[in-house]
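The structure appears right after this line, and notes come after that.
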Amino acid sequence: MEADRDTNHALKQALARRRKNDLPVDFTFHAMQQVRKAAYARRKRAEVGGIVSLALGSVFLVWLLWYVLAVYLEFNLVAHLSRFRILGQSGLWGFYVYIALLALLLLGLDHWLRKRRRESV
C-alpha cells in the first residue's frame, strides 16, 4: 500500500511538472511566423546589398572613365564643347533625334524583356 502511495505521489508530481513546462497552443504558428520573418529579412538584405553593390560599381565606372579621359588621356571637355554650335542652329537637331531614338529603343527593349521575364515566371 505504501509503495502504491509513493508511486501515485511520484506520478502526480511528474504530471504537475509536465503541465508547467507545456508549450503554448500556437507555438508552431509563432515559430513558423518567425521563420518567415527571418527569410523575408534575408531576402531584403540581399536585395539591398545588390542595389548598394550596383551603385558602388556604377560610381567606380564613372570615376574610372573620368580618370582615363581627364588624367591619362588629358582630354579637355570644355575645349571640345566650345566647338559645338548653339541650340538655335540646326546642327544639333540630328544629335538630339539620335539620342531620342536610342532612348526609345532601350525603353522598348526593357519593356519587352520585363514582359518576357514575367511570362516565364
Could you tell me which residues satisfy side-chain contact (heavy atoms from CB on, under 4.5 Å) with [X], sequence neighbours excluded, listed by chain and number?
{"X": "Tyr40", "answer": "Arg43, Lys44"}
{"X": "Tyr72", "answer": "none"}
{"X": "Val59", "answer": "none"}
{"X": "Leu73", "answer": "Val68, Leu69"}

How does the hydrophobic cluster around [X] look, that is, which other residues are in it when side-chain heavy atoms under 4.5 Å mark a link?
{"X": "Val52", "result": "Val48, Leu56"}
{"X": "Leu106", "result": "none"}
{"X": "Leu109", "result": "Trp112, Leu113"}

(message) For the NZ atom of Lys37 and the NE2 atom of His30, what is their distance to the nearest 0.5 Å?
(response)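 Between atom NZ of Lys37 and atom NE2 of His30 there are 9.5 Å.
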
(message) Would you compute the distance between atom CD of Gln33 and atom CG of Asp26 and round it to the nearest 0.5 angstrom?
(response)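 It comes to 9.5 Å.
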
(request) Could I get the full list of side chain to side chain donor-acceptor pair (under 3.5 Å) partners for Arg114, not counting sequence neighbours? (result)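 So Arg114 forms a side chain to side chain donor-acceptor pair (under 3.5 Å) with Asp110.
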
(message) Counting only heavy atoms from other residues, nucleotides and ligands, does the tally under 6.0 Å from CZ of Phe75 exceed 12?
(response)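 Above 12, so yes.
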
(message) Atom CD of residue position Glu119 - does it have more than 12 heavy atoms of other residues, nucleotides or ligands inside 6.0 Å?
(response)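 Enclosed.
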
(request) Kindly work out whether a path of hydrophobic side-chain contacts (I/L/V/M/F/W/Y, heavy atoms less than 4.5 Å apart) joins Phe27 to Met32. (result)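 Result: no, two separate clusters.
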
(request) Hey, can you tell me if Trp66 and Trp63 have their rings parallel, tilted or perpendicular (30° and 60° cut-offs)? (result)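 Answer is tilted, since the angle falls between 30° and 60°.
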
(message) Applying side-chain contact (heavy atoms from CB on, under 4.5 Å) to Leu101 and Leu105, what does each step give before you reach the verdict?
(response) CA-CA 6 Å; Leu101 289 176; Leu105 177 72; over 6 Å; no

